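Inspection log for the structure reproduced underneath, given as structure tokens.
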Amino acid sequence: MRTHKPKVGIYSLTSCEGCQVSLLNLGADFIKLMSHFEIKHFPLIKERYYHGKVDIAIVEGTVVMEAEIKQLMEIRKKSKVLVALGTCATYGGVASIRDFMEQGRVRACVYPNPSFIDSAHHVRGLDCYVKVDYALRGCPVVGSEFIELMKALLLDKKPLFKEEPVCVECKKNGNICLLLKGERCLGPLTYGGCNSICINEGYPCYGCRGPMKEANVNALVKLFRKEGISLSEIKNALSVFAGTSKRYHKGVLR
Amino acid sequence: MSKEIELEHIAKIEGHANLYVKVKGKRVEVVELRVVEGARYFEGILIGRKAEEAHYISSRICGVCSQSHIIGALRAIEKALGIKVSKQTEALRELLLIGNIIESHLLHLYFLALPDYYGVSSALEFTEHDKDLLRTALKLKMGFNRIERVIGGREIHAVKAIVGGFTKLPSQSELDQLVAELKKLKPLVVSTVKLFGSLKAPEFERKCEHLALSRSSNSIFFDDKLTAMLNNKEFNIKDYHRKINEYVEKGTTAKEALFLGQSYMTSALSRLNLHYDKLSSEAKQFVKASRYSFPSFSPFANNFAQAIEIFEFYNRALKILLNLKIKNEKPKQIKLKAGRGVSATEVPRGVLIHDYTLSATGKIKACNIITPTSQNLHNIEEDVKLFLPGILNMNERQIKLELEKLIRAYDPCISCSTHFLKLKLERQ
């Protein structure tokens with residue numbers, strides 16, 4: 001038995017903050033779960049910066065500015081376990097799209113004089129800079145997976161996450177396969193755990209949870225090509241959320 | 001004697017910003033609201049993407065108002081492509097937007113603003129006596145999340161809304177169930193309006209311009225015309241760039257905006273100031289019983305204005321739902337063509353502008369997004385300049401708290417303006 005409640009810090013780097021909101025959206029379940037922990041830092045709803053050590057650091061968002069690298073290193077130094085919360089923290093998320101474009105042009109589209117803006121050389125997942133112990137994928141993160149992980153950490157057990165692609169859940173949900181309709185669905189490559197939410201609602205998977213370790217990317221690319229989907233369109237789709245993952249970055253997006 | 005105050009990492013706002021203030025004697029010399037969140041270059045990463053991709057990528061600008069960006073982008077793209085959506089699609093989008101506005105207001109009012117008034121550092125620390133507040137907040141939030149879930153398929157970054165309509169329509173029984181669930185929330189909605197009407201805000205007013213959509217059509221949220229209150233002029237959203245100038249301050253990643261060279265506010269308060277006469281009589285009764293009256297030039301009144309909107313939009317959502325008989329219809333067909341589309345949408349924090357130019361193959365060639373917070377940043381600075389001299393006799397901790405209250409009343413969403421609050425006050 002633990003003699004004290006583990007200290008938790010929820011930190012936010014550059015992001016849309018939707019993953020922090022997803023935690024609040026767990027409502028009473030979040031409050032109940034977190035009553036087993038001591039929340040030391042939670043900037044969205046809690047006053048003041050907590051600079052002390054924590055047992056579990058949960059980090060949303062990713063490094064987009066040079067200044068955030070130092071901030072992330074400090075979080076790593078003061079925490080025992082570091083959790084990447086969501087797709088931005090795991091892979092870089094939508095902000096990493098710029099890595100696949102001509103950088104100067106991207107900046108000039110937004111700022112007339114972009115030279116004084118602190119902008120890290122590239123956008124990657126947190127594991128590019130520090131050791132990440134657990135990654136909760138998803139844009140936004142899936143609340144039940146957060147609960148599963150926090151319970152496991154509380155009990156010193158290994159969390160049970162599904163190691164199967166979106167297709168498995170999609171089939172179980174009785175959806176008609178979008179590949180059969182010739183649509184550009186990334187379900188076969190992508191980590192499940194989202195309950196195939198997009199496809200259930202009639203929208204093809206954009207791979208927000210990133211590619212499985214064993215994903216056969218080339219086979220799917222070949223299939224898309226046969227359906228008449230252009231290579232640039234395929235690359236565009238793969239680069240939205242997890243383009244920086246090794247599977248994509250060292251492969252088709254190289 | 002000069003003094004510097006720096007509010008570093010202003011907590012309980014969405015995103016990361018700092019405030020730097022320099023005071024000489026009683027004179028405020030410098031006020032700088034610095035956004036310190038990283039630039040994600042949304043208007044750059046959208047270039048070259050297909051028209052059908054604008055909404056789900058731009059939704060990632062903000063997890064608090066993702067549905068608002070989705071609807072703003074969809075409407076602009078549809079204008080560029082000359083698509084007119086069905087009445088049913090408009091009604092469903094309005095519901096999705098109302099769900100988003102109310103749950104965003106709830107997050108701000110109960111989690112970000114209210115702890116200041118109860119002297120606790122967060123909603124998680126309400127004393128035993130006030131614990132019901134947290135329960136009420138969560139119950140309401142979950143309730144309005146349901147609207148987003150049923151209509152949009154997900155509470156954050158909806159998946160069902162696409163160019164031309166919806167991938168999947170809610171069933172009539174889902175809508176009926178939603179109505180039943182919403183009806184149960186009425187007492188909590190009413191207690192929320194009463195609570196925020198009773199809170200005593202610092203006394204402070206500054207006459208400034210307010211901008212909101214006109215209500216020439218029957219819609220609150222979708223209109224092609226904007227009205228400036230003091231200027232008493234209406235202009236078409238297509239001409240926004242002639243009236244609203246965007247600029248970027250050195251040392252920040254936020255874009256700020258001016259209306260005809262002046263700072264202005266766009267918010268729930270602006271909507272109420274401009275359209276007070278259109279409030280329901282029930283809502284007007286709540287205003288009469290409160291500490292506030294409208295039009296108001298106190299930014300602190302924005303909190304109560306949001307509470308009033310929760311009540312009004314709650315009733316509006318019920319009305320829409322009760323009139324809705326779902327027809328099985330497919331999204332409108334898309335015919336790609338070159339063109340430009342500008343949309344203005346009333347979202348939680350004010351008017352949101354999305355502007356896209358498409359190539360003949362339907363690729364995004366240029367895009368511009370002006371969020372409510374970037375429009376408000378300059379106005380917050382102007383407020384701080386006038387507000388600060390009145391509180392300089394307080395100790396530094398109190399000064400910071402009062403300044404944070406002021407900034408929070410705007411409910412700034414820094415992720416939206418790209419970006420966090422740090423207050424540095426320098427006295428000379």
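Naming: A, B, ... by sequence-line order, numbering from 1 per chain. Quick caveat: nothing in here was measured; it's all calculated off a predicted structure.
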Can you tell which part of A:L13 gets under 4.5 Å to a heavy atom of chain B, answering side chain, backbone, both or neither? backbone
List the atom of B:R49, the atom of A:V240, and the distance in Å for their closest heavy-atom pair. NH1-CG2, 3.3 Å
Contact between B:R40 and A:V123 at the side-chain level, heavy atoms closer than 4.5 Å - yes or no? no
Is it the backbone or the side chain of A:Q20 that comes under 4.5 Å from a heavy atom of chain B, or both, or neither? neither
So for A:Y206, is it side chain, backbone, both, or neither that comes closer than 4.5 Å to the heavy atoms of chain B? side chain
Can you name the side chain to side chain donor-acceptor pair (under 3.5 Å) partners of B:S59, sequence neighbours left out? B:H157
Does any non-hydrogen side-chain atom of B:I57 lie less than 4.5 Å from one of A:I97? yes
Could you give me the CA-CA distance, side-chain angles and deciding distance for B:F111 and A:L44, then say whether side chain to side chain contact (heavy atoms under 4.5 Å, CB included) is met? CA-CA 9 Å; B:F111 289 94; A:L44 179 62; over 6 Å; no
So A:F241 and B:R60, do their side chains get closer than 4.5 Å, heavy atoms only? yes
Closest heavy-atom pair, B:E155 versus A:N25, reported as atoms and distance to 0.1 Å, is CB-ND2, 3.9 Å
Sidechain-backbone polar pair: B:K141 side chain, A:L24 backbone, donor-acceptor under 3.5 Å: no
With the threshold set at 4.0 Å, does a side-chain nitrogen-carboxylate oxygen contact exist between B:R154 and A:E201? no
Rounded to the nearest 0.5 Å, how far apart are CD of A:E17 and SG of B:C65? 11.0 Å
Could you tell me which residues satisfy ring pair (Phe, Tyr, Trp, His ring centres under 6.0 Å) with A:Y191, sequence neighbours excluded, listed by chain and number? none
Counting only heavy atoms closer than 4.5 Å, note whether B:F166 contacts chain A via side chain, backbone, both or neither. neither
Under 3.5 Å, side chain of A:R98 to main-chain N/O of B:F42, donor-acceptor pair present? no
Interface moiety of B:K139 toward chain A, non-hydrogen atoms closer than 4.5 Å: neither
Apply ring pair (Phe, Tyr, Trp, His ring centres under 6.0 Å) to A:F37 and list each qualifying residue two or more places apart in sequence or on a separate chain. none
So B:H55 and A:Y203, would you call those rings parallel, tilted or perpendicular, with 30° and 60° as cut-offs? perpendicular
Turns out that what part of A:L26 lies under 4.5 Å from chain B's heavy atoms comes down to backbone
Does any part of the side chain of B:L124, heavy atoms only, come nearer than 4.5 Å to the side chain of A:I31, both counted from C-beta? yes
Per-residue contacts, residues 130-138 of chain B versus chain A, heavy atoms under 4.5 Å: B:L134, B:L138
Can you tell me how far SG of A:C19 sits from CD1 of B:I156, rounded to the nearest 0.5 angstrom? 7.5 Å
Side chain, backbone, both or neither: which part of A:C88 has an atom under 4.5 Å from a heavy atom of chain B? neither
In terms of heavy-atom contacts, does NZ of B:K168 have more than 12 from other residues, nucleotides or ligands at under 6.0 Å? yes
Any non-hydrogen side-chain atom of B:I61 less than 4.5 Å from a side-chain atom of A:C16? no
Does a sphere of radius 6.0 Å around NZ in B:K363 hold more than 12 heavy atoms from other residues, nucleotides or ligands, not counting ones at 6.0 Å or beyond? no
